[in-house]
*Asks:* 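For reference, the structure I am asking about is given below.
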Amino acid sequence: MQMESKKKLWRGFALFMAAMMVMTYVSRMVYVSRMPRVKWSCPTSASIRNKITAEGTVEAVGARAVIGLDGLLVEKVCVAAGDRMEAGTVLYEVDMEDLLAQLAELHAQEDAWQRQEQTKRREAAVNTIRAQEDYDTNVIELDRRIAEETKELEELVEDLDTHMFRIPEEDAADEIWIAWADERLRFDRSIAEKERLIEDIQLEKEKMLRQADRAVEDARRAQSAAESGLELGASGISQVRERQERITLLTELSENGGKVAAEHAGDVLEVMIQSGMRMGSDAVLRYADDTASRIFCTVITQDQKPLVHTGDTVQLTFPGSAGEASGMIDSIVQENGSYTVTIRLDPGVAAGCTEGVMELNSTSEIYDFVIPIKALHNDGGNAIYVLEEKEGILGTELSVRSMTVRLLDRNEEYAAIADELLSGDLKVVTESDRELENGTAVKE
């Protein structure tokens with residue numbers, strides 16, 4: 001009976017222990033099943049590659065202008081901003097009736113001026129002939145007077161010589177000597193007066209000839225000026241030339257039916273005229289010449305700025321065009337919290353395009369600690385979870401510890417971090433099937 005009681009006691013104890021073992025196993029299974037399952041990796045040394053894509057616009061540099069035909073009436077505008085034009089493309093047409101009326105008026109003005117100039121030239125030629133005739137007449141008349149007076153002087157000298165041979169005898173009466181001396185004195189006076197007269201005539205001749213010579217020179221100068229139109233002055237000559245140039249221009253335009261065509265191929269940027277308006281002397285159209293250079297402009301964010309630098313090489317594509325190009329960043333300008341990036345394109349690149357896309361591949365330096373971007377979590381800043389061993393219910397267990405790190409660089413897949421406590425054998429949690437907290441026990 002006593003043996004039977006002991007057996008029952010041991011059997012009950014065994015059942016209790018078995019139940020305890022089952023309960024312990026079940027509780028451990030429940031504990032383990034509630035642990036977050038994680039994956040981890042160790043930091044590696046690597047570079048961070050970033051790809052920046054930004055849409056932008058293509059703008060012309062040094063756009064050309066088509067100057068309006070001052071005073072002409074626009075009948076039709078044939079292009080609009082954004083249009084493509086080739087050399088010979090009709091840009092606009094002028095009113096032919098208005099054009100011909102202005103041309104007729106200009107021809108009338110030119111004809112009247114030509115007649116007036118012909119009259120001036122004829123009068124100037126006549127004045128030149130008359131001045132020369134007056135000069136010749138004065139020369140003949142003065143030479144004649146000088147010759148007459150010279151002849152009379154010669155006769156007086158001869159008479160004086162004859163008188164000197166008729167000297168009275170030494171014993172002649174005083175009255176005879178006085179008469180002879182008086183006659184000689186008369187001859188001397190007459191000769192001196194005649195010489196002064198001839199000298200005065202010669203001086204008069206020189207003066208009159210200078211005046212006549214100036215008159216001839218002035219007449220010839222006036223004739224030359226009349227023939228060349230110099231008497232109009234700078235302002236008058238400029239007006240005549242402008243009229244003649246406009247006649248030539250309007251004549252050519254009328255022969256083309258009033259159509260104004262493009263001289264170069266390019267893209268129309270702006271049109272400043274419309275049908276029915278009368279043009280001034282300002283530009284009526286602006287366009288980008290195909291041979292001119294263009295710039296590509298885009299905007300990047302402040303986060304992208306550290307990855308973009310002046311001098312970086314980028315790839316450019318242009319929607320709607322098969323053309324691609326590489327370029328170098330010329331400038332980066334901060335504006336209102338963002339940055340405007342400018343790239344100068346080679347001549348001929350992006351002709352006909354107004355939009356483009358910039359792609360920039362940036363490779364950083366080699367960082368010591370690079371982890372998957374999904375390993376980062378925010379806990380008041382950039383932080384990671386690292387695996388550590390600790391004693392727990394199951395003995396030695398794995399748990400996570402949150403560690404704040406300094407972010408050096410990142411892209412969509414990886415991040416470069418820095419911290420004085422990091423080491424290459426650190427196990428960084430990259431994935432977890434449940435929310436983690438600092439100190440949470442986990443399983444692999």
*Asks:* Are any non-hydrogen side-chain atoms of H264 and Y287 less than 4.5 angstrom apart?
*Replies:*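 When only atoms from C-beta onward are counted, Y287 and H264 do touch, with a gap below 4.5 Å.
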
*Asks:* Mind listing the closest non-hydrogen atom pair of M279 and V74 along with its distance?
*Replies:* CG-CG2, 3.6 Å

*Asks:* Can you tell if the side chain of R286 reaches within under 4.5 Å of the side chain of M272, non-hydrogen atoms only?
*Replies:* yes

*Asks:* To the nearest 0.5 Å, tell me how far E324 CD sits from T317 OG1.
*Replies:*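 So the CD of E324 and the OG1 of T317 are separated by 6.5 Å.
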
*Asks:* Work out which heavy atom in V284 is nearest to a heavy atom in G68; give both atom names and the distance.
*Replies:*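 Result for this residue pair: CG1-CA, 3.5 Å.
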
*Asks:* Looking at CG of L360 and OG1 of T298, how far apart are the two atoms once the value is rounded to the nearest 0.5 Å?
*Replies:* 11.0 Å

*Asks:* Walk me through whether V429 and I384 qualify under side-chain contact (heavy atoms from CB on, under 4.5 Å).
*Replies:* CA-CA 7 Å; V429 176; I384 59 174; over 6 Å; no

*Asks:* From L307 CG over to K51 NZ, what is the distance, rounded to the nearest 0.5 angstrom?
*Replies:*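 So the CG of L307 and the NZ of K51 are separated by 14.5 Å.
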
*Asks:* Restricting to non-hydrogen atoms, name the atom on I332 and the atom on I329 that form the minimum distance, rounded to 0.1 Å.
*Replies:*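 The answer is CG1-CG2, 3.8 Å.
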
*Asks:* Hey, are the side chains of I373 and N411 touching, using non-hydrogen atoms and a 4.5 Å cut-off?
*Replies:*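 No; the side chains remain at least 4.5 Å from each other.
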
*Asks:* Just by distance, do the side chain of S364 and the backbone of I48 share a donor-acceptor pair under 3.5 Å?
*Replies:*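 Indeed, once roles are kept as given, a pair shorter than 3.5 Å links the two residues.
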
*Asks:* Let's go through R278 and D98 carefully: what are the C-alpha distance in whole Å and the side-chain angles of both, what is the deciding distance for side-chain contact (heavy atoms from CB on, under 4.5 Å) to 0.1 Å, and is it a yes or a no?
*Replies:* CA-CA 10 Å; R278 196 170 292 278; D98 179 69; 3.1 Å; yes

*Asks:* Is the shortest side-chain heavy-atom distance between F296 and V58 below 4.5 Å?
*Replies:*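 Yes; the side chains approach each other to less than 4.5 Å.
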
*Asks:* Within a strict 4.5 Å, meaning less than it, do heavy atoms of the E245 and L249 side chains meet?
*Replies:*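 They are not in contact (no side-chain heavy atoms under 4.5 Å apart), so the answer is no.
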
*Asks:* Is a side-chain donor or acceptor of H377 paired with a backbone partner of K374 at a separation under 3.5 angstrom?
*Replies:* no

*Asks:* Looking at E199, I want to see if its CD is surrounded by more than 12 non-hydrogen atoms of other residues, nucleotides or ligands under 6.0 Å.
*Replies:*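 Not buried by this count: 12 neighbours or fewer within 6.0 Å.
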
*Asks:* How long is the straight-line distance from CD of Q109 back to CD of Q244, given to the nearest 0.5 Å?
*Replies:* 12.0 Å

*Asks:* Go through L250 and L99 one step at a time and tell me if the side-chain contact (heavy atoms from CB on, under 4.5 Å) criterion holds.
*Replies:* CA-CA 7 Å; L250 297 188; L99 169 63; 3.5 Å; yes

*Asks:* Looking only at heavy atoms, which two atoms of R246 and L106 are closest? And how far apart?
*Replies:* CG-CD1, 3.8 Å

*Asks:* Quick check for you: to the nearest 0.5 Å, what is the distance between R410 atom CZ and D303 atom CG?
*Replies:*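 If we round to the nearest 0.5 Å, R410:CZ and D303:CG are 9.0 Å apart.
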
*Asks:* Look at the side chain of N438 and the backbone N and O of S402, then say whether any donor-acceptor pair between them is shorter than 3.5 Å.
*Replies:* yes

*Asks:* If only atom types and distance count, is the side chain of D330 paired as donor or acceptor with the main-chain N or O of R344 below 3.5 Å?
*Replies:*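 Indeed, once roles are kept as given, a pair shorter than 3.5 Å links the two residues.
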
*Asks:* Would E355 and E55 count as a side-chain contact (heavy atoms from CB on, under 4.5 Å) here? Give the steps.
*Replies:* CA-CA 8 Å; E355 298 179 349; E55 298 180 352; over 6 Å; no

*Asks:* Indicate yes or no: at least one non-hydrogen side-chain atom of R84 is less than 4.5 angstrom from one of D267.
*Replies:*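 Yes, at least one pair of side-chain atoms sits under 4.5 Å.
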
*Asks:* I need the full list of side-chain hydrogen bond (donor to acceptor under 3.5 Å, both in side chains) pairs touching residues 253-262, with sequence neighbours left out, sorted by first then second residue.
*Replies:*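 Qualifying pairs, neighbours excluded: none.
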
*Asks:* May I ask you to check whether over 12 heavy atoms, not counting those of E359, lie within 6.0 Å of atom CD?
*Replies:*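 Counting neighbours around CD of E359, more than 12 heavy atoms of other residues, nucleotides or ligands fall under 6.0 Å, so yes.
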
*Asks:* Does L103 reach the side chain of L253, with side-chain heavy atoms less than 4.5 Å apart?
*Replies:* no

*Asks:* Would you compute the distance between atom CG of L100 and atom CD of E105 and round it to the nearest 0.5 angstrom?
*Replies:* 13.0 Å

*Asks:* Are the side chain of S275 and the backbone of E75 linked by a donor-acceptor contact shorter than 3.5 Å?
*Replies:* yes

*Asks:* Taking everything shown except F318 itself, do over 12 heavy atoms lie less than 6.0 Å from its CZ?
*Replies:* yes

*Asks:* Looking only at non-hydrogen atoms, find the nearest pair between I366 and S47 and report the distance.
*Replies:*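 Smallest heavy-atom distance, with atoms named: CG1-OG, 3.4 Å.
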
*Asks:* Is it the case that atom NZ in K39 sees more than 12 heavy atoms from other parts of the structure closer than 6.0 Å?
*Replies:* no

*Asks:* Do you know which two heavy atoms are closest between N382 and L407, and how far apart they sit?
*Replies:* ND2-CB, 3.6 Å

*Asks:* Less than 4.5 Å apart, side chain to side chain, heavy atoms only: is that true for I273 and Y92?
*Replies:*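 SC-SC contact between I273 and Y92 confirmed.
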
*Asks:* Heavy-atom count around N336 CG within 6.0 Å, excluding the residue itself: above 12?
*Replies:* no

*Asks:* Donor-acceptor pair, distance only, cut-off 3.5 Å: does the side chain of D433 make one with the backbone of R37?
*Replies:* yes

*Asks:* Please determine whether the number of non-hydrogen atoms from other residues, nucleotides or ligands lying under 6.0 Å from atom CD of E263 exceeds 12.
*Replies:*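 At most 12 heavy atoms, drawn from other residues, nucleotides or ligands, come within 6.0 Å of this atom.
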
